[in-house]
Amino acid sequence: MGVYVVTGAASGMGRAVADKLREAGHTVVGVDLRDVEIVADLSTPQGRRAAIDGVLAAVDGRLDGAVLAAGVGPAPGAERPRMIYEVNYRGAVELLEGWRAALAETTDAKVVVFGSNATTTTPAVPGRAIRALLAGDVDKALRAVRIFGRNAPAMAYGASKIAVTRWARRHAVTDAWAGAGIRLNVLAPGAVLTPLLEKQLETPAEAATIRRFPVPIGGFGDPGDLADWAVFMLSDSARFLCGSVIFVDGGSDAHFRADDWPRAVPLRKLPGYLRRFRATGNR
């Protein structure tokens, strides 16, 4: 049996993951604002530090895996974009960097970062916001979405999920992660009936947009369905899964972007491709 940390474990998909892991006999350390082992506010630097240190103390410096499910959605409000960036991006990246040594202790750890199909279904997300987050500049990322007015939270949400997904894919294949035996992957849900979505459905304007959004199989996802995927991605069966993004969204991503991926390497990128090819090779 393993020892796992799950952020956002008090509700929604994070709670579903924690419950399924415990039912299977694993030890779970939950991180959230309430009703968990480590109470911490991931929207603040102090809260993120408390989460890192609290978990390391609770697991005695050794982790078999981590699920980064904590997140906030694109609700209205002038302060919402900053909270989105702090929780959805920094609340995943800083915690993973803080726990990396504990994950490397097992030599076969698995990490699941919760992304979103907002990465491919939200149009016009500004690239400069994504680049700013990856560079660690939240203030610059905020300026990049301010021009969108009341739609700024949606743009910030899309940027946060694209940035955390790119961070995961970039780091997944490095010596510090793959080389240390850590499998780092992203699970990208669509519209899942969590407390967050239920709250959005209570707002008439948001509800109308959500219900019009194309989901080819219809309806909303269930948190338990996503939890099953996360548990699989933590299992021995996922040994060869590294740097992947798994969409579980009822077909929405394919509906909008069926021809966008996979795509052949364009000729203009061949030099960089060949450099990478020669630099690493098969381990």
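All of these numbers come straight from a predicted model, not from anything done at the bench. One-based numbering along the sequence shown.
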Backbone N/O of Ala109 and side chain of Asp64: donor-acceptor pair under 3.5 Å: no

Exercise: identify the closest heavy-atom pair between Cys242 and Val173: SG-CG1, 4.5 Å

For the student: nearest non-hydrogen atoms of Ser252 and Pro214, plus distance: OG-O, 2.7 Å

Under 3.5 Å: donor-acceptor pair, side chain of Asp32, backbone of Ala10: yes

Donor-acceptor contact present, side-chain His171 to main-chain Trp167, <3.5 Å: yes

Heavy-atom pair with the smallest gap, counting every atom of Ala70 and Leu42: CB-CD1, 3.8 Å

Qualifying side-chain hydrogen bond (donor to acceptor under 3.5 Å, both in side chains) pairs with a residue from residues 107-120, counting only residues at least two apart or across chains: Asp108-Lys110, Asn117-Asp249, Thr120-Asp253

Under 3.5 Å: donor-acceptor pair, side chain of Glu86, backbone of Thr44: no

Carboxylate-amine/guanidinium proximity below 4.0 Å for Lys199 and Glu206: no

Heavy-atom donor-acceptor pair, Arg48 side chain to Ala92 backbone, under 3.5 Å: no

Which atom of Tyr89 lies closest to which atom of Leu134, heavy atoms considered: OH-CA, 3.5 Å

Mutual orientation of the aromatic rings belonging to Phe256 and Phe213 [parallel < 30°, tilted 30-60°, perpendicular > 60°]: tilted

Contact summary for Leu226 and Pro189, nearest pair of heavy atoms: CD1-CB, 3.8 Å

Aromatic plane relationship, Phe277 with Tyr273 - under 30° parallel, 30 to 60° tilted, over 60° perpendicular: parallel

Main-chain N/O of Ala9 paired with Arg15 side-chain donor or acceptor, under 3.5 Å: no

Heavy-atom donor-acceptor pair, Tyr4 side chain to His26 backbone, under 3.5 Å: no

